[in-house]
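To start, the structure under review is shown below, and the notes come after it.
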Number of protein chains: 2
Amino acid sequence: MSRKSFLPIIRELVRCYQAFESHSGRHIRTLGLTPAQFDIVATLGNTDGMSFKQLGEKTLITKGTLTGVVDRLAAKKLVSRVASPTDGRSQIARLTSKGEKLFASIFPSHLGHLGRAFGEFSGEDLQHTEAILRNLRGAFERCGETT
Amino acid sequence: MSRKSFLPIIRELVRCYQAFESHSGRHIRTLGLTPAQFDIVATLGNTDGMSFKQLGEKTLITKGTLTGVVDRLAAKKLVSRVASPTDGRSQIARLTSKGEKLFASIFPSHLGHLGRAFGEFSGEDLQHTEAILRNLRGAFERCGETT
DNA sequence: GACATATAGTCCTTATTAGAACTATATTGG
DNA sequence: CCAATATAGTTCTAATAAGGACTATATGTC
């Protein structure tokens, strides 16, 4: 298989993601958060809180970064940290009541913003696009495992 | 169309891109460059140089960031800046001979690394995947234009 | 030629990113 | 019970990211 024939896919993936980031990030900033902060608020919404490990897994933000982002959300009084009752090493991050209100307000707004891109997609389009992306992700992840 | 039904696509796009970044970035770092630096070297390879404006368009690195990345590549003697002969505001960034050698050495290596992910893809798979990504990118970009 | 407007790149600021080293705590095996 | 190993989160570092303000230059109009 020609090595070059996959380059258009790489190019389209990068541009697609950047277009998404631009579309999404532009709106998030008007909400007074950064994309990483929004990601954490969205992940914590409608939960009782979760450990940093779980947060890192669900958001794919590396743990070195996660500490700082949670720090800034805590400084904004949107998130609080509580020591884990069961593991002395661990802390639980949880939305404060202010954070819950923010989540309740901005999450639907952001879903609406994102949804605008999908107005022309049929149900079949959506399922097909998801399947293709999952397959592509699997291809990259399988390479990662062999390292 | 249900607002929620596109969320799996968003999730898969983000995870797919992160898997790609992890797969690609890991290799680039072993080459002694950062992903943004590699992006610029790859974009300048096999050209006579280009303006920052053109570089920004081809790499989608914002100009505030671009100055710093080119600075660091210049400090590594991989890229040089020359004043534009036709526009007093503009500068041309170009690979040095050291940069050309690096490009010649690492670009095929990186293509090989990326190509490993696509070993199971048929020609039709590749074309189909590209078409889906282009369509999805178009959806996000069309939203950007209406702002 | 003068003036208004636009543009190229730089500088600045705040936040994020990734990963290694570190400390405190947990787990496992003998 | 103790030693070895693993893990959770923090700290640190250098680089990137995004966008606005700025300076120097270009362009267009009168």
Side-chain angles (χ1 to χ4, degrees), chain A residues 14 17-41 49-57 59-76 78-79 81-93 144 147, chain B residues 14 17-41 49-57 59-76 78-79 81-93 144 147:
Chain A
V14 170
Y17 182 75
Q18 282 174 326
F20 159 72
E21 266 292 325
S22 182
H23 175 60
S24 175
R26 190 186 308 130
H27 181 242
I28 288 174
R29 289 184 227 283
T30 71
L31 303 171
L33 295 176
T34 67
Q37 290 169 358
F38 178 87
D39 205 2
I40 291 179
V41 169
M50 60 184 72
S51 69
F52 282 51
K53 178 184 166 71
Q54 288 172 315
L55 255 184
E57 281 164 356
T59 60
L60 297 176
I61 297 176
T62 56
K63 55 183 194 171
T65 302
L66 198 50
T67 304
V69 182
V70 172
D71 280 347
R72 277 176 289 278
L73 285 168
K76 293 182 174 186
L78 297 173
V79 161
R81 281 182 168 87
V82 196
S84 170
T86 57
D87 187 335
R89 300 167 297 179
S90 184
Q91 300 197 43
I92 302 297
T147 301
Chain B
V14 171
Y17 183 75
Q18 283 175 325
F20 159 72
E21 266 291 325
S22 183
H23 175 59
S24 174
R26 189 185 311 128
H27 181 239
I28 289 174
R29 289 183 226 283
T30 71
L31 303 171
L33 294 178
T34 69
Q37 290 169 357
F38 177 88
D39 205 1
I40 291 180
V41 170
M50 61 183 71
S51 69
F52 282 53
K53 179 182 165 71
Q54 289 172 314
L55 256 184
E57 282 164 354
T59 59
L60 296 176
I61 297 176
T62 55
K63 56 181 189 170
T65 300
L66 195 53
T67 303
V69 182
V70 172
D71 280 348
R72 276 177 288 280
L73 286 168
K76 292 181 173 186
L78 297 173
V79 162
R81 280 180 168 90
V82 196
S84 168
T86 57
D87 187 335
R89 299 167 297 179
S90 187
Q91 299 196 46
I92 302 298
T147 302

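Not measured: the values here are computed from a predicted model.
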At a cut-off of 3.5 Å, list every protein nitrogen or oxygen paired with a nitrogen or oxygen from nucleotides 12-18 of chain C, distance to 0.1 Å.
from   : atom 1 : to      : atom 2 : distance (Å)
C/dT16 : OP1    : A/Thr34 : OG1    : 2.4
C/dT16 : OP1    : A/Gln37 : NE2    : 3.3
C/dT16 : OP2    : A/Arg72 : NE     : 2.2
C/dT16 : OP2    : A/Arg72 : NH2    : 2.7
C/dA18 : N7     : A/Thr65 : OG1    : 3.0

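In this structure, of D/dA26, D/dG9, C/dT25, it is D/dG9 that holds the atom nearest to the side chain of A/Ser51. You'll find that the side chain of A/Phe52 is closest to D/dT10, out of C/dA26, D/dT10, C/dA8. Between D/dG9, D/dT25, D/dT7, one nucleotide has an atom nearer to the side chain of A/Thr67 than all others, and that is D/dG9. Of the candidates C/dA8, C/dT10, D/dG9, the closest approach to any side-chain atom of B/Arg89 belongs to C/dA8.
For the pair B/Ile28 CD1 and C/dG19 P, the computed distance is 12 Å after rounding to whole Å. Rounded to whole Å, atom P of D/dA15 lies 11 Å from atom CG of B/Leu73. Rounded to an integer number of Å, the gap from CG of A/Leu66 to P of D/dT11 is 13 Å. In this structure, the CG atom of A/Asp87 is 6 Å from the P atom of C/dA26, given to the nearest Å. One can place CG of A/Asp71 at 7 Å from P of D/dT11, the figure rounded to the nearest angstrom. In this structure, B/Leu78 atom CG and D/dA15 atom P are separated by 13 Å, rounded to whole Å. The interatomic distance linking A/Gln18 (CD) with D/dG19 (P) rounds to 12 Å, in whole Å. Rounded to whole Å, atom P of D/dA15 lies 14 Å from atom CD1 of B/Ile40.
What you find for B/Gln18 and A/Thr59 is that their closest heavy atoms are NE2-O, 3.9 Å.
Here B/Gln91 contributes atom CD and B/Thr67 contributes atom OG1; the two are 9.0 Å apart, rounded to the nearest 0.5 Å. Here the CD1-CG distance, from B/Ile61 to B/Asp39, works out to 5.0 Å after rounding to the nearest 0.5 Å. If you take OH on B/Tyr17 and OG on B/Ser24, they are separated by 8.5 Å, rounding to the nearest 0.5 Å.
Of the possible polar contacts, one joining the A/Thr30 side chain to the A/His27 backbone as a donor-acceptor pair under 3.5 Å is found.
Relative to the axis of its first five pairs, the axis of the last five pairs of the helix from C/dG1-D/dC30 to C/dG30-D/dC1 sits at 30°, rounded to 10 degrees.
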> Are B/Ile40 and B/Leu66 close enough, and set up right, to give a side-chain contact (heavy atoms from CB on, under 4.5 Å), and what steps lead you there?
Replying inline: CA-CA 9 Å; B/Ile40 291 180; B/Leu66 195 53; 3.5 Å; yes
> Yes or no on side-chain contact (heavy atoms from CB on, under 4.5 Å) for B/Val70 and B/Arg81, after CA distance, side-chain angles and deciding distance?
Replying inline: CA-CA 9 Å; B/Val70 172; B/Arg81 280 180 168 90; 3.8 Å; yes
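Across all strands shown, A/Lys53 has heavy atoms under 4.0 Å from sugar-phosphate atoms exclusively, and none from any base.
For the pair B/Leu60/A/Val14, no side-chain contact is recorded, criterion being any heavy-atom separation below 4.5 Å from C-beta on.
Here A/Gln91 reaches the OP1 or OP2 of D/dT10: one of its side-chain N or O atoms lies under 4.0 Å away. Dashed line: the shortest gap from a side-chain N or O of A/Ser90 to OP1 or OP2 of D/dG9 is under 4.0 Å.
Salt-bridge formation is not detected for the pair B/Lys76/B/Asp71: no Lys NZ or Arg NE/NH1/NH2 atom is positioned less than 4.0 Å from an Asp or Glu carboxylate oxygen.
A side-chain N or O of A/Arg26 and one of A/Ser22 form a donor-acceptor pair less than 3.5 Å apart.
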